[in-house]
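Here's the structure we're looking at; comments come further down.
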Amino acid sequence: MREAQRKLRGNWRNVNADQMHVTLAYLPAVPNERVDELKRLGVQLMQDLAPMQVHLRGTGYHPNEGSPRVWFVKVEAEGLTELAQALRDGIHELGLRTDDQPFKGHITLARKKGPAPRVPPLIFTQNWQAGGAVLYRSILRKTGPIYETASTFRFRAPLPADPTTEPTPTEPSTTEPSTAPTTTSPAPQAAPDHQ
């Protein structure tokens, strides 16, 4: 994605790589005393989810007609739209507002600050495993928003078994099974922006 950003000319401002994310829900304003409720909602919704395989797709503009303000790449993942809807429903049940835009999974690559040419459509084929979500606080600056982590949520359910993989038969063991603990590296987290 950083390589694609180099194609931009004019008044486009790139989003820094460490600020890229997928927005599940945007809350325009949340009083500090309500943040703990959002944290509990995040734990409740995400503790039973398995890591998601997120796929990058093609680029697009918002708005698509006229002079766009945002250049983005579309993202897809099984269960992502349902998670975004459940999160928005839970936020509304708490009596908090979200934006009224329908969920469209994307990562913003750049924002326009004046006249600038469009880049022809690009197709990405990369994917990654998202191991969780993040509750961000947006700090608005003239140079663009800065995202500060308020809480993180791991997708804790095990990955579903791959039906195309046959279990390997094992020989009967004549020794005691190992009792040494094993560890696995945590999956990288996708940051679905200021939930």
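Positions are given from 1 along the sequence. All values reported here derive from a predicted model rather than from experimental measurement.
- For Gln47 (side chain) and Arg156 (main-chain N/O), no donor-acceptor pair under 3.5 Å exists by modelled atom type.
- Cluster membership for Trp71 and Phe124, using ILVMFWY side-chain heavy atoms within less than 4.5 angstrom, is shared.
- Salt bridge absent: Arg40 and Glu37 never bring a charged side-chain N and a carboxylate O closer than 4.0 Å.
- Scanning all heavy atoms of the two residues, the minimum distance from Leu24 to Ala84 falls at O-CB, 3.7 Å.
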### Query
For Val35 and Leu135, what are the C-alpha separation, side-chain angles and deciding distance, and is it a side-chain contact (heavy atoms from CB on, under 4.5 Å)?
CA-CA 9 Å; Val35 172; Leu135 174 64; 4.2 Å; yes
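- Rounding to the nearest 0.5 angstrom, the gap separating the CZ atom in Arg57 from the CD atom in Gln126 is 11.0 Å.
- In this structure Asp99 satisfies the salt bridge (Lys or Arg N to Asp or Glu O under 4.0 Å) test together with Arg88, sequence neighbours excluded.
- Judged as a salt bridge (Lys or Arg N to Asp or Glu O under 4.0 Å), and not counting sequence neighbours, Arg9 has no contacts.
- In the hydrophobic cluster analysis, where Ile, Leu, Val, Met, Phe, Trp and Tyr join through side-chain heavy atoms closer than 4.5 angstrom, Ile146 is grouped apart from Tyr26.
- At least one side-chain heavy atom of Leu96 sits less than 4.5 Å from a side-chain heavy atom of Leu38.
- A distance-only check finds a donor-acceptor pair linking the side chain of Trp12 to the backbone of Pro117 [under 3.5 Å].
- Looking only at distances, a side-chain donor or acceptor of Asn11 sits under 3.5 Å from a matching main-chain atom of Pro115.
- A donor-acceptor pair under 3.5 Å is absent between the side-chain atoms of Glu78 and the main chain of Gln53, judged by distance alone.
- The CD atom of Glu76 lies 8.0 Å from the NE2 atom of His55; values are rounded to the nearest 0.5 Å.
- Under the 4.5 Å side-chain heavy-atom criterion for Ile, Leu, Val, Met, Phe, Trp and Tyr, Met20 and Leu56 are members of the same hydrophobic cluster.
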### Message
Does Gln85 form a side-chain contact (heavy atoms from CB on, under 4.5 Å) with Glu82? I'd like the steps, not just the answer.
### Response
CA-CA 5 Å; Gln85 187 59 55; Glu82 292 80 3; 5.8 Å; no
### Task
Apply side-chain contact (heavy atoms from CB on, under 4.5 Å) to Leu87 and Phe103, showing your working.
CA-CA 11 Å; Leu87 181 60; Phe103 174 74; over 6 Å; no
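- A distance of 5.5 Å separates CG in Leu80 from CE in Met52, rounded to the nearest 0.5 Å.
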### Query
Can you check side-chain contact (heavy atoms from CB on, under 4.5 Å) on Glu93 and Leu41, steps first, answer last?
CA-CA 10 Å; Glu93 286 173 16; Leu41 176 63; over 6 Å; no
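- When all heavy atoms of Phe153 and Met46 are compared, the closest pair comes out as CB-SD, 3.8 Å.
- Panel note: side chain Tyr61, backbone Gly66; no donor-acceptor pair is recorded below 3.5 Å.
- With contacts defined as side-chain heavy-atom distances shorter than 4.5 Å, the pair Leu83/Phe155 qualifies.
- Contact detail for Leu159 and Pro51: the closest heavy-atom pair is CD2-O, 3.4 Å.
- Closest non-hydrogen pair, Tyr136 versus His21, comes out as CE1-CB, 4.4 Å.
- Annotation for Lys7: atom NZ does not count as buried by contact number, only 12 or fewer foreign heavy atoms lying within 6.0 Å.
- Contact between Lys104 and His106 at its shortest, heavy atoms only, is O-ND1, 2.8 Å.
- Lys74 NZ to Thr59 OG1: the interatomic distance, rounded to the nearest 0.5 Å, is 8.0 Å.
- Taken from CD in Gln5 to CG in Asn16, the straight-line distance is 8.0 Å, to the nearest 0.5 Å.
- Across all non-hydrogen atoms, the minimal contact from Thr108 to Phe72 is CA-CB, 4.1 Å.
- Dense packing is recorded around CZ of Arg34, with more than 12 heavy atoms of other residues, nucleotides or ligands lying under 6.0 Å away.
- Using a 4.5 Å cut-off between side-chain heavy atoms of Ile, Leu, Val, Met, Phe, Trp and Tyr, with links allowed through other members, Val73 and Val70 fall into different hydrophobic clusters.
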